[in-house]
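Below you'll find the structure, written out as structure tokens, and then a few comments.
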Amino acid sequence: MSRKDVIARQREEFIEDEGVIFLDNVSKSYTSGSPALDGVTLHIDRGEFVFIVGDSGSGKSTLIKLLLRELTATSGAVYVMGQNLARIRHRQIPKFRRNLGVVFQDFRLLKDRNVYENVAFAQRVIETPMSEIRRNVPLILSDVGLAGKYKSKTTSLSGGEQQRVALARALINNPSILLADEPTGNLDPKNSWEIMNLLEDINARGTTVVVVTHSKEIVNAMKKRVVTMRKGVIISDEEEGSYIDDED
Amino acid sequence: MKINTLLYTIRRGFANLFHNKWYSLVSVATIAACLFLLGLFYCIVVNIQNTVLKAEEGVAVTVFFEEGTSEAEEEKIGQDIAARIEVSKVEFHSADEAWAEFGPAYFGEDYQEGFPENPLEGMENYSVYLSDVSMQDALVTWLESIPEVRKVNYSAVTATTLSSINQLIAYMSVGMIAVLLGVSVFLISNTVSVGIQMRKEEIEIMKYIGATDFMVRSPFVLECMIIGLIGAAIPLGINYLIYDYIMNNLAGSFTSVISFLKLVSIDEIFRILTPVSLGIGVGIGFLGSITTVGKHLRV
């Protein structure tokens with residue numbers, strides 16, 4: 001092993017020990033326009049609850065896509081669970097994503113399947129035995145308050161219920177990290193708070209939670225770490241922070 | 001892959017078929033229409049070609065011998081002719097047989113009266129039938145080079161015409177089948193693409209959850225292969241019924257046309273058409289879905 005490789009290995013071991021997410025001077029440019037991310041360095045520890053806030057075009061979605069390995073950085077390195085995502089090959093991506101739970105603003109449920117099937121699908125992809133799936137799905141549905149609706153079509157559920165199904169699906173494989181991209185964007189205040197409380201519970205059990213949001217009220221009330229982005233750069237990173245408006 | 005996953009994949013493939021029933025119906029109809037036309041054209045071309053081939057088989061070259069050629073020499077020449085690849089059949093006609101055949105035709109039943117001896121003495125001959133009429137010239141040149149051969153009768157015009165017709169049909173059928181096949185592949189793969197495009201979101205969701213390309217792809221591939229199979233089986237059945245009807249019912253009504261046409265048997269037609277149609281249906285379903293789903297897997 002060359003000296004360069006030894007240093008790289010030591011660096012990765014450090015990252016693995018210290019945090020679950022590490023962006024090292026990451027930039028991402030698309031074919032035209034200014035970079036979506038410009039030299040972003042961010043470190044998130046195990047078990048943290050972090051809000052990523054910022055206006056449209058600030059780079060939040062690009063950040064989530066980089067963490068999901070949907071995109072690769074133009075420069076810099078993205079480490080998740082100690083893995084340098086640039087080094088993951090296409091066929092290794094599914095296995096990597098099984099460490100993550102993902103929740104989207106538009107829920108992204110499989111519309112032709114019922115609640116049970118949507119949640120069970122996440123276990124099917126990791127080839128969990130049927131007997132375990134039958135045991136695990138009702139438990140997780142019970143955790144998100146949908147025990148009685150496992151047979152319902154997802155299209156017949158309210159927005160809040162659909163987001164709970166998405167949460168159950170994201171959590172059933174016990175991910176180390178939960179990424180939530182505007183999870184309350186399509187919900188009324190009551191349902192939004194219910195979802196945020198669920199996320200807080202999940203975080204309390206040790207899962208690292210990263211929430212991208214526009215909701216000033218939620219961010220200010222929850223007193224968590226807040227990373228504020230503007231035009232592709234991090235302009236503030238505060239423990240127990242608050243939402244910084246554009247005009248601030 | 002675990003057996004549970006395999007079973008799940010198969011179950012999803014069938015479930016997708018019924019869940020997207022309108023898409024499935026449209027796809028089956030498109031494939032069926034294309035393969036029906038292809039099958040129909042194939043039946044027509046094969047029968048025309050068969051008719052021309054039968055006509056070619058009836059074209060004979062007649063070989064006459066020099067006076068004094070012994071029976072043994074004639075027999076040896078007959079064997080040499082039969083050994084040539086372009087020759088399908090050789091028939092020997094003795095002078096007596098020739099007189100018995102032509103005598104009544106020209107002089108009536110009492111043809112032997114006034115002919116104490118066979119007037120066709122020395123006219124024994126071979127009728128040589130060709131497997132490939134385009135090689136008639138080469139055969140005639142060779143026959144004329146045999147010292148014992150006095151004369152070779154043949155019709156150059158018939159051979160050339162049949163050979164040209166055969167070639168023309170071959171070129172036209174290859175061209176038409178290629179065009180029909182191209183149109184079928186284009187229409188079918190487009191139908192498959194549209195169906196998969198409609199479910200782009202579903203594919204993305206599966207990928208975000210951590211499904212492998214194989215898990216995402218295989219239910220779609222299975223679904224499209226089943227659609228291809230059904231879409232190929234329906235026109236095969238229709239073409240079979242039509243062909244069977246023509247063979248059984250029209251043969252009686254149009255005897256002269258049918259005898260001229262030399263229809264190929266239904267078994268012979270469908271021995272080739274069945275695997276080809278099913279192969280095209282299933283193959284296009286397979287390849288179309290593999291490539292189209294592949295475009296959406298880069299998530």
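Computed from a predicted structure; not experimentally measured. Naming: A, B, ... by sequence-line order, numbering from 1 per chain.
One distance of note links CZ of A:Arg124 with CE of B:Met206; it measures 11.5 Å at 0.5 Å rounding.
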Test log, rule side-chain contact (heavy atoms from CB on, under 4.5 Å), inputs B:Ile209 and A:Arg98: CA-CA 7 Å; B:Ile209 291 171; A:Arg98 291 169 196 172; over 6 Å; no
Donor-acceptor pairs under 3.5 angstrom involving side-chain atoms of residues 141-148 of chain A: please list them, not counting sequence neighbours.
none

Show every donor-acceptor pair shorter than 3.5 Å between a side-chain atom in residues 271-281 of chain B and any protein atom, with sequence neighbours excluded, or say none if there are none.
unit_1, atom_1, unit_2, atom_2, d
B:Thr274, OG1, B:Phe270, O, 2.7
B:Ser277, OG, B:Leu273, O, 3.1

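Residues B:Gly210 and A:Pro94 approach most closely at O-CB, 3.2 Å, considering heavy atoms. Considering all non-hydrogen atoms of both residues, B:Met215 and A:Val125 come closest at SD-CA, 3.5 Å.
Contact residues of residues 169-182 of chain A toward chain B are A:Arg169 (heavy-atom distance under 4.5 Å). Scanning residues 99-123 of chain A against chain B with a 4.5 Å non-hydrogen threshold yields A:Val102, A:Phe104, A:Arg108, A:Leu109, A:Leu110, A:Lys111, A:Asp112, A:Arg113, A:Glu117, A:Phe121, A:Ala122, sorted by number.
Side-chain atoms of A:Arg97 come within 3.5 Å of backbone atoms of B:Lys207 as a donor-acceptor pair (strictly under, hydrogens ignored).
For A:Met130, the CE atom counts as densely surrounded, since its 6.0 Å shell holds more than 12 non-hydrogen atoms of other residues, nucleotides or ligands. Heavy-atom contacts from other residues, nucleotides or ligands closer than 6.0 Å to CD1 of B:Ile85 number 12 or fewer. Around OH of B:Tyr42, the count of heavy atoms belonging to other residues, nucleotides or ligands within 6.0 Å exceeds 12. Within 6.0 Å of atom NZ in A:Lys65, 12 or fewer heavy atoms from other residues, nucleotides or ligands are found, so the atom counts as exposed in its surroundings.
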